[in-house]
Protein chains: 2
Amino acid sequence: MKFPKIPMAAINRLSIYIRALEELEEQGIKVISSERLAKQCGVNPAQIRKDLAYFGEFGVRGVGYRIEDLIREIKEILGLDRTWNIAMIGVGNLGSALIRHGNFIKHGYVFAAAFDIDPHKIGKRLPNGLIIHHIDDLEKVVKECDIHIGVIATPASAAQSVANQLIIAGVNGILNFAPAQIQVPECCHVENVDFTIKLDSIAYHLSTSGT
Amino acid sequence: MKFPKIPMAAINRLSIYIRALEELEEQGIKVISSERLAKQCGVNPAQIRKDLAYFGEFGVRGVGYRIEDLIREIKEILGLDRTWNIAMIGVGNLGSALIRHGNFIKHGYVFAAAFDIDPHKIGKRLPNGLIIHHIDDLEKVVKECDIHIGVIATPASAAQSVANQLIIAGVNGILNFAPAQIQVPECCHVENVDFTIKLDSIAYHLSTSGT
DNA sequence: TTTGTAAAGTGAATTAAATCACATAAAGGG
DNA sequence: CCCTTTATGTGATTTAATTCACTTTACAAA
């Protein structure tokens, strides 16, 4: 295959495929066809084949995909053949809940540091043993702990300035839970998690389909 | 305009527009052009006009959009000209943090009930005064409290059965934080919030752009 | 070794979404 | 009252994503 630009949607689907594949692997299944996997993921079989084809040939014609191999291949594609150290900025309700949440570590994301601006919190220890640093120590700690991704769980008003500090500290990946549009340079990749937008979408559907 | 099918992406952008418009309104701005709003939201001006055109004509040619009116119109489109009672299912780390999180109420979503399955939690009161019910009382409480949307914050393993119970109880909108693919009938609308997928996307970008 | 079958891989076709570019309408100034 | 300016609304165009449908390849059974 040539070098087409890869749709972002395809990348996100790879994550979905991994989730499904890992579940199938736990069930002891060794090989799966694009058709069966597609059904499990709720997508079109050709889409799976095409998504994978962007990166190589991972299947066996007439047989399907060896699940163990495919998981490994997709993880390598996504850069998940390693762990990623991440930092939480904002240790409020949401921030501390996320730190305790098991899903991050399960997928190889390790909270290696936590930051806040509240003097009462600085120096305290979180249940998992992390010390809460002042946000002004961001750059130093980011270097020390080899952190590559920042998770913003501050109020909206602080989000932009935190983002700026992260970028100065050399963090190029940001997962933003604050309900604010943050501006970053080209080199930095931001993903927003705004559940109220999702709720709005639900409200729209409920309103229009006569409920 | 005729009756084309409206892209889901357009619906989601309407939420983005509202966020920006409310911020502008707070700044005392009364009128805005699609061009300025587009810049603020990071989209193309024509896109804004087209998104709005799916639903009517809300602007004034040569002038722009009256912010106050446009907010009201978009809210009406999305079904946000009211409040929505929602239920939290799963009062663990994440669930209780979300309940305390101010963003829901700010956008008109009211946690009207909370459910869990842990006997130690049933009957306890949350900081905001909500009593934690047993999941088996879902149907009864949903009716009593006029709940239309369920938020699933349980472990993945419980997500599908909770979804089933929600649907039986007559809840047709689900916001799913559990990392599991849930199957629902046509009538029900599900939105998934899976931050590990977003993280995977960040990891991919960091890996490919030489970091 | 041959042959039938299953399923990946992929160019072509289709469908959907985003953008352009212009016709249209409102407001203000001369 | 007309002319200029400005910015909307929208058909046409372009771009992107998805799906189809066919070709290729591996395996297994005869």
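Labels below follow one simple rule: chain letters A, B, ... track the order of the sequence lines, proteins then strands, and each chain is numbered from 1. These values consider heavy atoms only, across backbone and side chains, with no hydrogens, waters or symmetry-generated copies.
DNA chain D lies under 4.0 Å from no heavy atom of any residue of residues 27-36 of chain A. Near-neighbour residues of DNA chain D inside residues 59-74 of chain B, defined by a heavy atom below 4.0 Å, number-ordered: B/G59, B/V60, B/R61, B/G62, B/V63, B/G64, B/Y65.
Counting only residues at least two apart or in different chains, salt bridge (Lys or Arg N to Asp or Glu O under 4.0 Å) contacts with residues 22-45 of chain B comprise B/E22-B/K75.
When the C1' atom of C/dA26 is taken as reference, atom CZ of B/F58 falls 18 Å away, rounded to whole Å. Rounded to an integer number of Å, the gap from NZ of A/K5 to P of D/dT15 is 10 Å. Going from atom CZ of B/R13 over to atom P of C/dA17 covers 9 Å, rounded to whole Å.
Side-chain N/O atoms of B/S207 and A/R82 include no donor and acceptor closer than 3.5 Å.
Evaluation of the side-chain hydrogen bond (donor to acceptor under 3.5 Å, both in side chains) rule for B/N176 yields B/N192 as partners, not counting sequence neighbours. Residues satisfying the salt bridge (Lys or Arg N to Asp or Glu O under 4.0 Å) criterion with B/E73, sequence neighbours excluded, are absent altogether.
End-to-end axis angle of the helix from C/dT1-D/dA30 to C/dG30-D/dC1, using five pairs per end and rounding to 10°, comes to 0°.
Considering only side-chain atoms of B/R49, the nucleotide from C/dT19, C/dT10, D/dT10 that sits closest is D/dT10. For B/K50, counting side-chain heavy atoms from C-beta on, the closest listed nucleotide (C/dT19, C/dA21, D/dT19) is C/dT19.
Taking the centre of each ring, B/F58 and B/Y65 stay at or above the 6.0 Å mark.
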